[in-house]
Amino acid sequence: MIDRMAACQERWGGLLLPPAPQYDGGPKYLDPDSPEADSAGWWFEAGMQRTAVPYSFMISPSGEFGIHGDEWAPLHATIEGWVESLALAHHASVWARQVTQLVGDDVDGIDLNGFAPVREVMGLADSWWRGPDSLVALHSGEAASFDFLRGRIAVISSGPR
């Protein structure tokens with residue numbers, strides 16, 4: 001476990017992150033800390049959150065990046081996936097002509113036919129989909145962590161500027 005934390009610190013430690021569009025901005029920087037063990041193995045915090053939120057940003061025993069509130073919700077298969085999602089969110093916010101946000105049950109109405117998953121984000125509870133002239137970000141981490149379906153959010157970035 002200490003080796004995993006040390007490797008994470010060596011690669012990502014101190015990396016200042018841009019604010020995430022969801023999860024109250026996410027961690028401000030990556031800083032592995034506070035190891036904890038349970039039956040699944042060793043967990044550690046990914047970094048301190050920017051604001052007061054009812055969960056911690058964690059790295060699971062298998063290396064997933066996610067949030068731990070009432071339940072564990074893996075957002076991305078790796079830390080790299082989280083970082084890629086931040087880069088993609090920034091890109092979409094700069095280049096989209098229109099941004100639409102859907103919440104809760106409205107997320108179910110999104111038709112992803114003709115869209116391909118953005119594999120670089122290694123999405124689990126959160127995923128990105130690329131379509132013709134648009135990107136769709138699906139954020140389900142808070143919904144999964146707190147069994148709160150209204151916590152699902154989709155952000156659709158359409159058309160280049």
Side-chain angles (χ1 to χ4, degrees), residues 1 4-5 8 12-13 15-93 96 99-112 115 117-131 134-157:
M1 189 293 302
R4 284 182 50 233
M5 278 184 62
C8 181
W12 300 106
L15 178 64
L16 184 62
L17 300 169
Q22 303 301 321
Y23 309 104
D24 274 356
K28 186 171 184 172
Y29 55 90
L30 294 174
D31 183 28
D33 196 14
S34 304
E36 302 172 17
D38 67 9
S39 61
W42 284 94
W43 302 72
F44 56 89
E45 286 186 22
M48 291 298 295
Q49 57 267 31
R50 292 172 191 271
T51 64
V53 290
Y55 46 78
S56 297
F57 295 95
M58 303 289 290
I59 306 301
S60 75
S62 57
E64 299 159 325
F65 178 94
I67 59 173
H68 198 288
D70 289 347
E71 299 290 331
W72 165 242
L75 303 178
H76 302 275
T78 64
I79 295 170
E80 290 90 341
W82 172 255
V83 173
E84 287 287 342
S85 74
L86 295 175
L88 194 52
H90 175 73
H91 172 78
S93 72
V99 177
T100 305
Q101 183 169 301
L102 303 174
V103 177
D105 292 340
D106 292 341
V107 172
D108 295 334
I110 297 173
D111 181 9
L112 293 174
F115 284 73
V118 178
R119 298 196 190 292
E120 294 82 1
V121 301
M122 298 175 242
L124 298 173
D126 284 9
S127 60
W128 281 80
W129 297 81
R130 181 180 296 120
S134 61
L135 287 168
V136 176
L138 300 174
H139 302 284
S140 300
E142 290 178 349
S145 186
F146 297 103
D147 194 25
F148 176 61
L149 291 179
R150 291 249 341 125
R152 296 179 302 149
I153 297 172
V155 179
I156 303 166
S157 304

Please determine whether the number of non-hydrogen atoms from other residues, nucleotides or ligands lying under 6.0 Å from atom [atom1] of [X] exceeds 12.
X: D105; atom1: CG; result: no
X: D147; atom1: CG; result: no
X: E71; atom1: CD; result: no

Of all the heavy-atom pairs spanning [X] and [Y], show the shortest one and how long it is.
X: A154; Y: I110; answer: CB-CD1, 3.3 Å
X: G69; Y: S145; answer: N-OG, 3.1 Å
X: L16; Y: K28; answer: CD1-O, 3.4 Å
X: V103; Y: R150; answer: CG1-O, 3.3 Å
X: G25; Y: R50; answer: O-NE, 3.0 Å
X: I67; Y: W72; answer: O-CE3, 3.4 Å

What I'd like to find out is whether the side chain of [X] reaches to under 4.5 Å of the side chain of [Y], using heavy atoms alone.
X: W42; Y: P61; value: no
X: W43; Y: D38; value: yes
X: L102; Y: I156; value: yes
X: Y23; Y: Q49; value: no
X: M122; Y: E80; value: yes
X: I79; Y: C8; value: yes

At what distance, to the nearest 0.5 angstrom, does [atom1] of [X] lie from [atom2] of [Y]?
X: L17; Y: L30; atom1: CG; atom2: CG; answer: 4.5 Å
X: D70; Y: E142; atom1: CG; atom2: CD; answer: 11.5 Å
X: S157; Y: R130; atom1: OG; atom2: CZ; answer: 12.5 Å
X: F44; Y: E36; atom1: CZ; atom2: CD; answer: 11.5 Å
X: S85; Y: E120; atom1: OG; atom2: CD; answer: 12.0 Å
X: Q22; Y: I153; atom1: CD; atom2: CD1; answer: 4.0 Å

Could you go through the side-chain contact (heavy atoms from CB on, under 4.5 Å) check for W12 and W82 one step at a time? CA-CA 12 Å; W12 300 106; W82 172 255; over 6 Å; no
Look at the side chain of S60 and the backbone N and O of S62, then say whether any donor-acceptor pair between them is shorter than 3.5 Å. yes
Looking at A46, is its backbone amide N or carbonyl O close enough to the side chain of D31 to form a donor-acceptor pair, meaning the two atoms are under 3.5 Å apart? no
Quick one: sort the F65 and H76 rings into parallel, tilted or perpendicular, breaks at 30° and 60°. tilted
Should the pair R152-D106 be classified as a salt bridge under the 4.0 Å nitrogen-to-oxygen rule? no
